[in-house]
Every structure is written in structure tokens, then in C-alpha cells.
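Only one structure is covered here, and it is reproduced in the block below.
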Amino acid sequence: MSRMINLVLPLLILLSGACLVYVIARMFKLSNRNEALLTTVILATALVFQIILSRKTLSLQTNPGAYFGIAESGGILMLPNAKGGFISSIALFIGVLITLYASDYLAGESRYVLFYPLVLLLLAGLMALFLTVNLFTLFLITELITVTASALVAFRQEKAIAIKAGYKYLIMSSLGTMIMLLGVYFVFRATDNLNVFRVMAAPNNLTRIGAACFLLGFSIKAGVFPLHTWVPDVYGYASPSVSALLAGVVSKSMLFVMPPICLRLGMASGELGFILLVLACFNMIVGVVKMLGSRHLGRFLSYSSISQTGYLMFTLGIGFYYNLEQALSAALFLFLSIALMKSQAFLSAGIFERSLGTQDLARLVGVQKVLPLPSYGFSVALAGLAGIPLLAGFTGKWLAFTAAVATGDLFAFMCLAVFMLSTLVSLAGYLPVLVRQFIPGKDNAEKSPGEFGAKNISPGMLAPVIVLSGLVLILGVYPGPWIAWIGQVVEWMAL
Amino acid sequence: MDLPTNYLLLGITALPLMGIITLLIWRKATKKQAGWIGIISESLALAIIILLYPTLKQFGAIHFSMPWIANLQITFRLRLKWLSLTFLVTEVLVTLVAMVYSLGEDTGEKRSNFYYALLLLFSLGMSGTTLSEDVFLFYVFWELMLIASVLLILIWGHGEIRFKVSLKYFIVTHLGSLLVLIGLISLYVNFDTANISELIAQAGTLPMSTQRLLTGFFLIGFSVKMAIFPLHIWLPDAHTVAPMPVTIILAAAMLSMGTYGILQFPVAMFSQEAVQTFTIWMMIAGLISEVYGALMALAEKDVKRIIAYSSVSQMGYILFGIGTLTQQGMEGAILHVVYHAIIKALLFMVVGILIAVTGKRNIEEVGGLGMKYPLFCICAAIGVLGISGMPPLGIFNSEWMIFSGGFGAGTPIVLVVLTLLGSLFTVFYALRFFGGIFFGGKRPEGLPDKAPLALTIPTLAVTVFLLIEGLFPGTLLSWAMQGLASIWGAG
């Protein structure tokens, strides 16, 4: 049955960890901090095994013999996947940081016991998503992600708006999963099989409909235009650690799960690329335009997230439409940089909210005086998102632009023009917010930090922001090793 | 060339960087201390340029390279060549002058370390731009220059309006940067190298349509930085709102980086045929900028805006000179960059003294200062005569070359004549500026007896420098000729 138990070891650690954390927390009435630390340890262990596994996967080359599960029809089957390994590693790393953050952020929360198991389950779902090759299992895993993510979004039950956001996410996401189930039906009806590799051998019109269903389903989850309407409510009002995880990693990784499935079900690479490129243009524009009008910090970052989803779609679209491997590397690098910058932005925003008691952008005036470290961190994140050189975002954009220019095609250039326009407009959004932190405001400047109403921020919340800032800088100044890693992943995929 | 020489080249960027780091660490530095760190770092960079000069003369170029992002073929590669030298020396000198001038300017004692660090970063961006031999590195330095200047305007600019102004400045110039970026990436993708020398050697092999398209991108992109009409919209506000030393660097040094870009990329890289498509448009844009800038300067009442618009006008001459695509015209353009830098620095310093003495910026509210401050008046007079193109003050030489290049270019003669006539407007606004400040009977009450010495000394130094450069243009001319020869040969 199992020739490679290692393949699912990180997954098993997370799943068993989720149960373990819940049971121990209940039995021993663990405090929030202790439960968070336990979770952090579990996540860190999973991360270590995941990295070992990723390295092993990369060295496996095309060895098709390595799998976990039952290879017969109908069995749960998991195959090693270098791309999944890369994304899972990032997700676990962000997971470690957000649990560390939550160890202080959730200090006053009564229901914290549930939070950590949910995070572990969510991450386990995300990991499994990349490993599975069975469409029904895929459906089940997406359901797991939907349910855990909705519960996490609605976690702040004292806030009506968070509950509303949780419902909205649940409904939209379930709709996506239902559409996927429909896709599963079409594929099974056409081929009597749900293993994507077997379906790949004989695609027909029904499997192509199935592919379209999966495209639609994952688009909802990724926040692709026009199915993005849930994004601002969810990221805007969920707890910052949840927003950081969802906006930074989970939603965006859907864009990487979807293409191989759609392609194996018979969708043409050109079709997929075209759809991604066209929708990317909408995402890039709608995101930045709506961002300009936002007055709420969370919503502001959410709208910017929609445009970043657009950047990823653009880069992936270039890759599929023009069959350009280079674009895939660019997309993975962009994913990494966005994951770091976006989660950093949300975590910093959470510090502002916790300390100032508001998410009103206007209240950020002079915040640097009161909260210097978070505001520097937030500035690095925003400047990175704006594409300032020597920060991660610029390297990502350089790679994306390079891929687009390499196509030498007018359509790609037109989409690139939209990308550039979006970048330019986004500056008008990011810069004022960034600068506002440093202005000695009329109302706030004269007051001392104490009068300002700022609460002290614990090191547990500060540390993730500092670590992420450092990484955003490293990725901008010395991206070589990361690009090399991504290069290996892409090479593996091409084999 | 031996190894130490190569490392010396790195020093031109490394020393200001060390200055920046020192200033960022030493947060309690007083303004004077911070100022001196800035001045010393920048002077050392200048000393290195002087040290490298004999080697440059011997070999024609000096290289430094260090691995950076190997898997993208991106290297930290610097190259000092004749074309860079003129721009580099101009920029370093202007920064030095601005730093000395800052000591006497009211920029506040608080955060002085950050102020000087940003001035150094600004200069580092410009030095790096002129020295970069890698397109990625070029863009990084190009943007650093923008970021430093935006921060300087944002933090030390005048009035609440500075937030809007710096945002506008950033976004408009970033639009130009993005066009430049696309041009750079296209070259990088086509030849799979980021090395500028290699690109220069190969770019002529691109299809003509691509060469034309990229020339267009580069020209528009760099014209934004040069503030050529109608891409100048960021300039008047940015120059007006920025503190005086920053205005000096913006006007005297940063604008000319656009000129360097045009010479380094489209002119040096692409075939003459591709660039020729745009020559007439460059000349027309140059002419319009020249006249428009001068007319606006004539209509403005704010002394700082008058000189700001004069930059739009002067950049018009430079673009016109390049547009002639003749040796003389382009050499004239390079010379004009230097002369304009000196004169613009001088004129802004004059404005700075005027504001420091009277506290007023409206030209109608001041007057009759000539007799009260004779030395200040003489400096201003030389600056004003200089910008009007009076021989032997610098700009006369460069304008002469630009116009004669125009006559020799085989372009419609009417265009050259119009440009020549347009220069009359320069005389009008220059005289109005001078007359308004120093003549007339409305001298404000309660003026100090003497202009502040800290501001007058650097102003005087620049005036003397202008006189020397105008009288002995030989060295500068030979630099410009060699600079052009190094790129035009390839064209």
C-alpha cells in the first residue's frame, strides 16, 4: 500500500497535531499562549519534514513509482509534487508566524481553544490539495478547507460583521465546491474514473465540462473577477492572522492547484491561458480602483489582494497561453513574495487595530511615533507591494514583466500594459497610506503615545512582522537562491 | 588596469553608502555633524573620480563587476566611461554644493542625520545611474534616485501641499520609469544579457520596427525625467515645494539624468535610422518646451516657480540638441547639461538668499535690493546673464553648438530659426527676474544688513566656477567630445 510514507508525514503531523492540540488544550486547560506554542512546535516540525520531503521530491526526478495510498481505481492516491512542496513550505512557514502572532493577539479571546486546531486542519487541507490525484478526494479536501476557513473567518464571534463575513465566505466557497462536485460528476460519467492521470489519457467533451467546473470552482476560492465579491468582507473583518493566512497563501495557492487539473481534464493550455489573462486584467484594475476608495485598512488590503491575484493570474496566464516555462517560475516567485508581503501587511494592520482600536485609515496619521516597528514593517510591506526596487515585490514584477516581454506577442503586451497601469494606479493607493504613518498629524502629534490611546504591543506580535520584513528585503536584494529553488521546482514539473 | 583601480570605482558608490549607514546609525548627530559626514562622503567620492581620471584617460573606461543574481544573468557591474564622467562630476559637485548650502538653510535640527542620508542616497542613485553597466542595476539606481527625492520633498517640503505634490511627482515620473523598464527588459530578453556594453554591440541587429518602438519608449520615459512639455507637469510643483538644496539637486543634476538615459540607450544602442524617425519630434518637443517654459516663467510671480519653469525651457534646448543627431548638436547638449547645472544651481541659490532675506517669494512684493546687497546682486547678475546665453558665460558656448548642429542637420530651417528666436523669451524672463528683485523702489521694510554668510559663500563659489567654466571650456568640451565619440561611434 505504501511505498512512501514520508510523502504524507507532514500531513499526518498536522492532522494528528490538530486532534492532539484540541485534546490537550481541553484536558489540561491550556492557556492561549501555551496552546499557540504547542501549535507552533507542531507546525515547525511539519515544516522541517516538508522541507526534507521537498528536497527528496526534487531529487526523485520522474520516478513514478513513488506514491502513497491505493493505486487501484477508487483508492486514495497521493503523488509527490514539487510545486505543492514549495507552496506547502511557504504556507507552513506563514502558519508558524501567524500562530506565534495569535499567541498574543488572541489573549483575550475565550474561544481560542478551537482556533489552533482549525489552523492546523486548514493547512493540512492545503497540503493535501496538491498531493491528491483523485477528484473526489480533491472535492472532500476543498470542503475541509472551506469549512475550516469559514470557521476561522467567523472566529471573532463578538463582532457581527465577522460572523457575516464567515457566512459570506461559507456560502461563496460552498458554491465553488458544489460546482466542483458537478465537475466530478461529469468526469465520472464520462470516464468511470476519477484519477486525473487516467482521465488525462482519454479526455472528451464531458471531461472538458468538468474542467470548466473546476476552473469556476477554484476561481471563486481564489477571488477571481467577477467572483471576488466576498474578498473585501472576509479579509477585511477576519482576525488578522486569519486574513494573513487566507489572503497571503490559501486563496492564492488555488491558482496553482487549478491549472494541472483543468489541463488534465482536457482543457487546452491556450484556452486556460486566455481565460486567465483576460480575467487577470479585470482583477488588476478592479482591485486597485476599489482600493483607492477604501477608508478601512482591512478592506484596503483586501482590494489590493484582488489586484495581486490578478498579477498571479497574469503571470500564469502568460505561462499557459504561450507555453512559457519562465512564466511559471515568475509566478512561483511572485507567489512567494506576495505571500510574505501580504501576510506582513495584514499582521501589521492587526497591530494597528489592536493598539489604536480602529481600522480607519485616517487614524494612521502619525502612527510611526507610537508604534515605530510595526509601522516600519507595514511600510516595507506596502513599498514591496508597490514594486519598489530592492524589495521582494520588484523582483517578482521584474520576472513577470520579463516573461511577458519574452512572448513577443501583442496580446501579452496589451495585458502587460494593463499590469503597468494597475501598478501605477496602485501607487496612488499605497503611497498616501504609507506616508500617513510618518506625518505628524494635527490631532495626534501633540499627544504623547500614552494619550494617543496606543496599547503596548507584545514581542510575540512584533516578531513575525520583523521576520517577514527581513525576508521581503532579502528577497529583493539577493533573490538568487530563491530563484534557483524555484528553478528546480519548475524543472521537476517539466520532467 | 590593476585590481585596486577597479575597487576604487566601487568606492564612488560605496563611500556614500557608508556615509548613509553611518548617518542612520548615528541618530543623535547634530545638523553640523551630519552635514560634515555627508560632505566628507561626497568629497571622497569626488576624490576617487579625480584619482581615476588618469586611468580613464589611459584606457578609455574602467570596470568593476561582482556576481549578484547569477541565475538571471544579472551582475553588479559598474563602468566609468567618458560619457558617464561629465554627468557624474556634475552630479557629485551639485550634491556637494547643495550639502554645503543646506548647512545655512533652515531644514530643522531634528532628523538631520536622515536628511543628509537621503541627500547621499539621492546622489548615490544618480552616480549609480551613470555608472551602471547592467540594466537591472541601472533601474535600481534610477528608482533609488526617485525614492530619495520624493522622501526629501515629502518630509522637508514646504506646506501641507507637499503630500500631494510628492505623490504627483512620484506617480508621473514612475510612469516614465515604467516605460524605461519595459525598454530595458525588452533588450534583456532579446539578447539574454543584462550587460549594457554587450547590448550596445548587439541592439542594432533588432528588427527596425522593434528598434523604433523601443526608441520611442526610452525617449518618452526619459523625457518625463527631463520634464519635457507636456510631460513636465510634475516639475513646477516639485521644485517649488522642495527645500532649496533639494530643488538645486533636482534641477541641476537629476533632470540631466534623463539626458544621460537618452544618450546611453536609444542614441548609443540603436541604429541611426531608428533614432532618426524621432529626430523631428525631438526637435519639435524641444522647441515647444523651450518656448512654453520661458513663457510660463514670464507669467509666474513666485520666484522659485520662475526658475523652475526655466528648467523646462532649458531642457528643451538639450532635447533639441540631441534631436539634431549631429555631432555638434549633441556635444552642445552635453555641454548644456553642465552649464545649465551650474547656472541653475546658482539661480536657485539666489532665490534661496532672497527668500532668507525678505521672507517673500512673490516677485511683485520685492524690489530694490541691488544697492543693499551688492555682492548678492552681482552673483544674480552673472547667473541671469549666463542663462540668457551671454558670452563668455557657458551657455553661450553650448547654445552656439546646439544651433549650429541644428543648421547642419538638414532639418527644416524654420525649426532652428524658431528655436533661436524662442531663446529671446529666455532673455525676457531672466531680465524680469533680475529687474524685479534688484531694481524698482519697493524694497521691503526691516531687512537684515547682510545676506546670510552661510548661503552667500557657496553662491559666490558657484559664480566663480561658472566664470571659470565659461572662460575655459576646453576640458569640458574635450570630455563632451570623447563622451559622444564613445557612443556615437557605435551608432
Side-chain angles (χ1 to χ4, degrees), chain A residues 324 326 329-330 333 365 379 383 386-391 394-395 397-408 410 412-413 416-417 419-436 438-442 475-488, chain B residues 67-76 110-111 114 125 128 135-147 150-151 153-155 157 160 162-164 166-179 181-190 192 194 206-207 210 213-214 217:
Chain A
L324 203 65
Q326 180 188 1
S329 313
F333 190 90
V365 174
S379 306
I388 302 293
L390 298 183
L391 295 174
F394 174 69
T395 320
K397 280 184 185 167
W398 171 276
L399 292 169
F401 283 16
T402 308
V405 172
T407 61
L410 185 66
F413 293 162
L416 180 61
F419 193 160
M420 284 164 60
L421 183 69
S422 162
T423 305
L424 206 62
V425 177
S426 75
L427 285 178
Y430 295 129
L431 294 184
V433 175
L434 196 158
V435 166
R436 198 166 294 160
F438 297 89
I439 308 172
K442 280 182 204 129
L475 236 67
V477 176
Y478 197 61
W482 309 84
I483 293 173
W485 181 18
I486 289 169
Q488 280 178 308
Chain B
W68 189 11
I69 316 172
N71 32 22
L72 297 182
Q73 290 90 39
I74 290 167
T75 313
F76 188 92
K110 246 179 127 184
R111 290 192 289 186
F114 196 44
V135 288
F136 187 88
L137 188 63
F138 176 88
Y139 189 78
V140 168
F141 279 126
W142 182 260
E143 285 293 88
L144 274 188
M145 171 167 89
L146 174 62
I147 292 160
V150 166
L151 287 176
I153 297 176
L154 198 61
I155 305 174
E160 284 295 307
R162 67 183 187 275
F163 303 111
K164 282 186 181 157
S166 43
L167 187 63
K168 179 165 121 186
Y169 168 47
F170 196 110
I171 291 178
V172 175
T173 42
H174 197 74
L175 170 70
S177 302
L178 282 178
L179 289 176
L181 179 64
I182 287 302
L184 297 175
I185 287 181
S186 304
L187 290 168
Y188 165 71
V189 166
N190 268 297
D192 206 20
L206 282 171
T210 313
L213 184 70
L214 293 183
F217 278 179

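Note on naming: letters A, B, ... go to the chains in the order of the sequence lines (proteins, then strands), and numbering restarts at 1 for each one.
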Check your understanding: Can you list the residues that meet the side chain to side chain contact (heavy atoms under 4.5 Å, CB included) rule with A:Ala417, with sequence neighbours excluded?
Key ->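 With sequence neighbours excluded, A:Ala417 shows a side chain to side chain contact (heavy atoms under 4.5 Å, CB included) to no residue whatsoever.
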Practice item. Output the option from A:Thr423, A:Leu399, A:Ile483 having the highest count of non-hydrogen pairs under 4.5 Å with chain B. Key: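 Winner by heavy-atom pair count: A:Ile483.
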Inter-residue atom distance [X].[atom1] - [Y].[atom2], 0.5 Å rounding:
X        : Y        : atom1 : atom2 : answer
A:Met420 : B:Leu181 : CE    : CG    : 7.0 Å
B:Leu178 : A:Leu427 : CG    : CG    : 8.0 Å
A:Phe333 : B:Leu72  : CZ    : CG    : 8.5 Å
B:Phe163 : A:Leu431 : CZ    : CG    : 13.0 Å

Exercise for review: Could you give me the CA-CA distance, side-chain angles and deciding distance for A:Tyr430 and B:Phe170, then say whether ring-ring contact (aromatic ring centres under 6.0 Å, His included) is met?
Suggested key: CA-CA 12 Å; A:Tyr430 295 129; B:Phe170 196 110; over 10 Å; no
Practice item. Give the member of B:Val150, B:Val189, B:Asn190 that has the highest number of heavy-atom pairs under 4.5 Å with chain A. Key: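 Highest number of pairs under 4.5 Å: B:Val189.
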Check your understanding: Hey, which of B:Leu146, B:Leu151, B:Leu144, B:Val140 has the most heavy atom pairs under 4.5 Å with chain A?
Key ->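 It is B:Val140.
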Practice item. Taking all non-hydrogen atoms of both residues into account, name the closest pair between B:His174 and A:Leu424 and its distance. Key: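 Closest pair (atom of B:His174, atom of A:Leu424, distance): CD2-CD1, 3.8 Å.
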Checking heavy atoms, do the side chain of [X], its backbone, both or neither come under 4.5 Å from chain A?
X        : result
B:Ile155 : neither
B:Leu175 : both
B:Ile147 : side chain

Review point. Taking B:Trp68 for the side chain and A:Val477 for the main chain, is one N or O donor matched with an acceptor at less than 3.5 Å?
Key: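 Side chain of B:Trp68 to backbone of A:Val477, a donor-acceptor pair under 3.5 Å: yes, one is there.
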Against chain B, label [X] side chain, backbone, both or neither, depending on which of its atoms sit under 4.5 Å from a heavy atom there.
X        : value
A:Phe394 : side chain
A:Leu390 : side chain
A:Leu421 : neither

Practice item. Assert yes or no for the condition that the ring centre distance of A:Phe401 to B:Tyr188 is strictly below 6.0 Å. Key: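 Between A:Phe401 and B:Tyr188, the centre distance exceeds or equals 6.0 Å.
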Check your understanding: Is the closest side-chain heavy-atom distance between A:Val435 and B:Leu167 below 4.5 Å?
Key ->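 When only atoms from C-beta onward are counted, B:Leu167 and A:Val435 do not touch, as no gap falls below 4.5 Å.
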Review point. Should B:Ile69 and A:Trp398 count as side-chain neighbours, where that means a heavy-atom distance under 4.5 Å?
Key: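 When only atoms from C-beta onward are counted, A:Trp398 and B:Ile69 do not touch, as no gap falls below 4.5 Å.
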